[in-house]
Protein chains: 2
Amino acid sequence: MASLTVENYIKTIFQVCLSGDGQAATGQLASALGVSPGTVTSMLKTLSESNLVTYTPYEGVRLTHAGNALALRVVRRHRLTELFLVKTLNMTWDEVHEEAEHMEHAVSDRLIDRIDEFLGRPEADPHGDPIPRSDGSFEIPASRTLAECGVGDKFRLSRVIDQSPEFLRFLSNSGLPLGTAGQVVANRIEAGIVTVSVEGQETTLGRAAAEKILVTPGR
Amino acid sequence: MASLTVENYIKTIFQVCLSGDGQAATGQLASALGVSPGTVTSMLKTLSESNLVTYTPYEGVRLTHAGNALALRVVRRHRLTELFLVKTLNMTWDEVHEEAEHMEHAVSDRLIDRIDEFLGRPEADPHGDPIPRSDGSFEIPASRTLAECGVGDKFRLSRVIDQSPEFLRFLSNSGLPLGTAGQVVANRIEAGIVTVSVEGQETTLGRAAAEKILVTPGR
DNA sequence: CAGGTAAATTAGGCTGGACTACAATTCCCA
DNA sequence: TGGGAATTGTAGTCCAGCCTAATTTACCTG
């Protein structure tokens, strides 16, 4: 049985690998986990001995098949927990991450499967993050960032990368919850802004914010 | 912030104290927690230094005010979690204890308060165990064991002490879920059995089983 | 009231997971 | 292409929790 610490390392390696070149560097893990680089190095050896990762000193770490499977289980627990809290208790998308961060290590896979069934086998969590399935399969739907859209593009807001409570609350307050349909009315690279129109209402976002929002082509 | 281990020690001390003379012995804690006696002794010193317990070597341990408050918070989290799982996912009373055992350390008090509200501030969990309130108050309703009832007594099944899945399933299968109303038709101390009638159906229990079932006077 | 037994404590040791300080490596640029 | 900066790795230390074995205490009974 993987310890809470091991699960967190594996999950973090998974996320860093996904958002980069498929490898995770010691320093990235150290800052993501809030521990010192030396601690990460020694843990990577441990994980390597457990055959959860392949580790090449001074180069990086990547998940083995077993490591990937564990990461997907942890991510699945996290995301289904988030959605469960939203659906049952009417919690908001900015509240659930913190709770799920702890609960993901405490709920059994059996319980998670029941939650999955109760929720009707959802594909995504409240932030639009795809949910790994119980058979270990995992697909990331195609999408692009709002910053990549051209003027006139119609879109549907499908996923939010920056999940800080502040950003999520900003989106809610701006009438931009998940699933929102809209159209890009301006995208000025020089000025670093993107303006969208949603139900007649225009909102302007900085480029950094627009890059944290994923969209699919709108209707 | 109390560690998972500390929370488990405090909760166990609480339970042992309640079911006995208000003190917990080292050996009782060791077997309840599944650790060696020596381990308990050293942990009791730690807890004592944190002012969660008062510890007298060779005599026993009892909770301080702070220790009692912590125990009630853990018990509250456990019991509300159990009821939440039963209400939302239709889990059965023999399934939820194990899950709650882990989740009680992972859910925040804020989340628990929302669950409490969602459930309508219930008084008892699926086994009839009373739920400590958020203000720290805690009352144990008066009751007696089925073994203490006399022939002819009408009762309502209010709480089950033995919460092993096997026993709970036995009760369910015997038509004796929580809340069942019935009447004692025999109580033979020499034979060590108690026979009850529920909706015309008679069931005979051993004395040990009858002592694990609490009842309130029926209508 | 002496001695045996059961329970509790002490002593010493181990492992997981963290730290700091220092050494090695890699990278990048002049 | 050499050298400094940034990144990694190594070594040694610490603490929480656990163990076993040896010792001490408390209690009970003859």
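Sequence lines set the chain letters: A, B, ... in the order given, protein chains first and strands last, and positions in each chain run from 1.
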Quick one, A:Ser143 and A:Ser158 - any side-chain contact, counting heavy atoms below 4.5 Å? yes
With sequence neighbours left out, what residues match [X] under side-chain hydrogen bond (donor to acceptor under 3.5 Å, both in side chains)?
X	result
B:Asn68	none
B:Asn51	none
B:Ser164	B:Asp162
A:Thr39	A:Ser36

Using 30° and 60° as the class limits, which term best fits the ring planes of A:His127 and A:Trp93: parallel, tilted or perpendicular? parallel
Anything under 4.0 Å to a heavy atom of chain A counts; send over the first and last such nucleotide of DNA chain C, read 5' to 3'. C:dG17 to C:dT26
Test applied, salt bridge (Lys or Arg N to Asp or Glu O under 4.0 Å); reference residue, A:Arg77; option that passes from A:Glu101, A:Glu7, A:Glu104: A:Glu7
Salt bridge (Lys or Arg N to Asp or Glu O under 4.0 Å) contacts touching residues 47-69 of chain A (sequence neighbours left out): none
Once salt bridge (charged side-chain N to carboxylate O under 4.0 Å, His left out) is applied, do any residues pair with A:Glu166, and if so which ones, sequence neighbours excluded? none
For A:Arg188, give me all partners under salt bridge (charged side-chain N to carboxylate O under 4.0 Å, His left out), at least two apart in sequence or on another chain. none
Side chains of residues 204-211 of chain A: which donor-acceptor pairs under 3.5 Å do they make with residues two or more places apart or in other chains?
unit_1   : atom_1 : unit_2   : atom_2 : d
A:Thr204 : OG1    : A:Thr195 : OG1    : 3.0

Does anything in residues 13-22 of chain A come within less than 4.0 Å of DNA chain D? Heavy atoms only, and list the residues if so. none
In B/S/- notation, 5' to 3', how is nucleotides 9-20 of chain D contacted by protein heavy atoms closer than 4.0 Å? BB------SBBB
Taking the side chain from A:Asp129 and the backbone from A:Ala124, do they hold a donor-acceptor pair closer than 3.5 Å? no
Angle separating the five-pair end axes of the helix from C:dC1-D:dG30 to C:dA30-D:dT1, nearest 10°, is 10°
